[in-house]
Amino acid sequence: MGAKFGNMKNFIEELRWRGMLQDIMPGTEELLSSGVVKGYIGFDPTADSLGVGNLVQVMSLLHFQQCGHKPIALVGGATGMVGDPSGKSLERNLLNEETLQHNLACQKAQLEKFLDFNCGERSAEIVNNYDWFKNFSFLEFIRDVGKHITINYMLAKDSVQKRMDSGMSFTEFSYQLVQGYDFYYLWKHQGVRLQMGGSDQWGNIVTGTELIRRKDAGEAFALTTPLIKKADGTKFGKTEGGNVWLDPKRTSPYQFYQFWLNAADEDSKNYIRIFTLKTKEEVEALETEHLKAPHLRLLQKELAKEVTIRVHSEKDYLSAVEASEILFGKGTAEALMNLSETDLLAVFEGVPQVEISKNELDAGINIVDFFADKTNIFSSRGEARKMILGGGVLVNKEKIDNVERSLNASDLIREKYILAQKGKKNYFLVICE
RNA sequence: GGGGAGAUACCAGAGUGGCCAAAUGGGACGGACUGUAAAUCCGUUGCGCGAGCUUCGGAGGUUCGAAUCCUCCUCUCCCCA
């Protein structure tokens, strides 16, 4: 492998130009250039799907592997039972065991989509820290692990300091030790030398390297990625609808594609570096093109394409583009009527669907009744009425401005569907049967 | 244990007997502009087509009339021990 290794990209260089390097422990770069390194990142099983926020870490592992190293994803079966206080101002509720197991399994399946698990020495691995914690008794833990780290050291951490006023349970306080031991365990038993993570994990990671040093006089390394910031200062990875998830059941491929497509220009430059595997040259060329014609949003399109394909599939990407064109393109009212039922359903796959009865429609439904009572697209009749009067309501891509208007069978597309729209971006497919 | 302050709509925060469905700011939603962007501007933001109805921590009371006054309860914050 030694000779082959020389051809690999330098991981640190790669992270640097992509803007993915926040802190790095001295000596890390030397370690990485010396051969294949095992590095890991931990994932917190707080939900049964990873979100786009976690994607930064997933991409770190992917770059790591592509740079010739061996990535390990750790799912936090044990740490998830404790709760990471980092960045949290309040004590967390504990997850019950059943939820935890479910979340772990789901996250594991998602991680498996990104990394190569069958490429010899550099094959990715997934480990669960519950495996080494389940038989570790409390007494053993405080003797073998707790003894090496002082309270003074632990208290100095940011995550602890920030909670000195509001309070923190012993459970959360001990979190850093539990995570620190993960690193020690992987270092000791699997030869893992590097831990990566978001910058908020620096404190926890360093507890690990410290434990390795004090307990075994060993050496381990660390680096972190910066917190992703959006140009407008709001939190990355959220939309009006909440978190953007990788699980298509939570965030449809269409919505997922739209999330990236809607990135601000300023943000898309950062995102394309972080979330795609495009080379520096490719990225810079795209940026030049984008500057020439910003309205084409080339950066956003390329970004959305690559990420959607990686997370979902080529097919999902194509459907998302098609749906986007129909929903946002020109001459759409007619195009909509001409869609086959199959295409129609494919295009609107990720759009919320509502059912109403055919009989009622045949009798004619007033537009306000339709939007408020029948479909609950608006939570009250008054709101529906105001929105219609304000010009924010469309049916089958045509604006409705009259509250007296009725809908009947002649408004159906393919004799079965009505495309209801609230504002520019919120679509509802009403199925009538 | 003693003393003080407070609880108002999604949030922050005015209002201290009628002019209050409740200022203002933020957020959210919609419109115009545009590039499905940013910035800006406009509108909406308890329910009802409307008369009107139900809201200001909870329960009672005073009054023609209460978010506003009184009583009790619950909770939060601060200071002293």
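Owing to the predicted nature of the structure, the values given are computational and were not obtained by experimental measurement. The chains referred to below are lettered A, B, ... by the order of the sequence lines, with proteins before strands, and numbering in each begins at 1.
Whole-Å rounding puts the A:Asp401 CG to B:G30 P distance at 18 Å. Atom-to-atom, NZ of A:Lys422 to P of B:U45 comes out at 15 Å; the value is rounded to the nearest Å. In this structure, the CG atom of A:Asp373 is 13 Å from the P atom of B:C47, given to the nearest Å.
Near RNA chain B, defined here as any heavy-atom distance below 4.0 Å, the residues from residues 374-395 of chain A are A:Ser380, A:Arg381, A:Gly382, A:Arg385, A:Lys386, A:Met387, A:Gly390, A:Gly391, A:Gly392, listed numerically. Using a 4.0 Å cut-off on heavy atoms, the residues of residues 287-303 of chain A that approach RNA chain B are A:Pro294, A:His295, A:Arg297, A:Gln300, listed by number. RNA chain B is contacted by A:Asp265 of residues 265-274 of chain A, taking any non-hydrogen atom closer than 4.0 Å.
Using the Watson-Crick or G-U wobble rule with both distances under 3.5 Å, B:A51 pairs with nothing in any strand shown. Pairing for B:A9 is absent, judged as Watson-Crick or G-U wobble with the two contacts each under 3.5 Å.
In terms of the salt bridge (charged side-chain N to carboxylate O under 4.0 Å, His left out) criterion, residue partners of A:Lys416 (sequence neighbours excluded) are, by chain and number, A:Glu341, A:Glu433. Not counting sequence neighbours, the partners of A:Phe378 by the ring pair (Phe, Tyr, Trp, His ring centres under 6.0 Å) test are A:Phe371. The salt bridge (charged side-chain N to carboxylate O under 4.0 Å, His left out) check on A:Glu302 picks up A:Lys278, with sequence neighbours excluded. Applying the salt bridge (charged side-chain N to carboxylate O under 4.0 Å, His left out) criterion to A:Lys249, with sequence neighbours excluded, gives no partner residue. Every residue two or more places apart in sequence or in another chain was checked for a ring pair (Phe, Tyr, Trp, His ring centres under 6.0 Å) with A:Phe370, and none qualifies. Residues passing the salt bridge (charged side-chain N to carboxylate O under 4.0 Å, His left out) test with A:Glu355, sequence neighbours excluded: none.
For residues 388-400 of chain A, no pair satisfies salt bridge (charged side-chain N to carboxylate O under 4.0 Å, His left out), with sequence neighbours left out. Residue pairs meeting the ring pair (Phe, Tyr, Trp, His ring centres under 6.0 Å) criterion with at least one partner in residues 287-323 of chain A, sequence neighbours excluded, are A:Phe256-A:His312, A:Tyr257-A:Tyr317. Annotation: salt bridge (charged side-chain N to carboxylate O under 4.0 Å, His left out) contacts involving residues 374-386 of chain A, sequence neighbours excluded, comprise A:Glu360-A:Lys374, A:Asp369-A:Arg381, A:Asp373-A:Arg381.
When the P atom is used for both B:A21 and B:G26, the distance is 25 Å, rounded to whole Å. Distance noted for atom P between B:G60 and B:C56: 12 Å (whole Å). Between B:A23 and B:U16, the distance separating the two P atoms is 14 Å to the nearest Å. Between B:C20 and B:A81, the distance separating the two P atoms is 47 Å to the nearest Å. Nucleotides B:G61 and B:G52 have their P atoms positioned 26 Å apart, rounded to a whole Å. If you take atom P in B:C11 and the same atom in B:G57, they sit 13 Å apart, rounded to whole Å. B:A59 sits 16 Å from B:A66 when the C1' atoms are compared, rounded to a whole Å. To the nearest whole angstrom, the two C1' atoms, one in B:U45 and one in B:G25, are 14 Å apart.
Two residues are said to be in side-chain contact when any heavy atoms from C-beta on lie closer than 4.5 Å; A:Leu345 and A:Thr342 fail this criterion.
For the pair A:Arg273 and A:Glu287, the salt-bridge criterion is met [side-chain N within less than 4.0 Å of a carboxylate O].
Comparing A:Val368 and A:Tyr257 against RNA chain B, the residue whose closest nucleotide sits nearer the 5' end is A:Tyr257.
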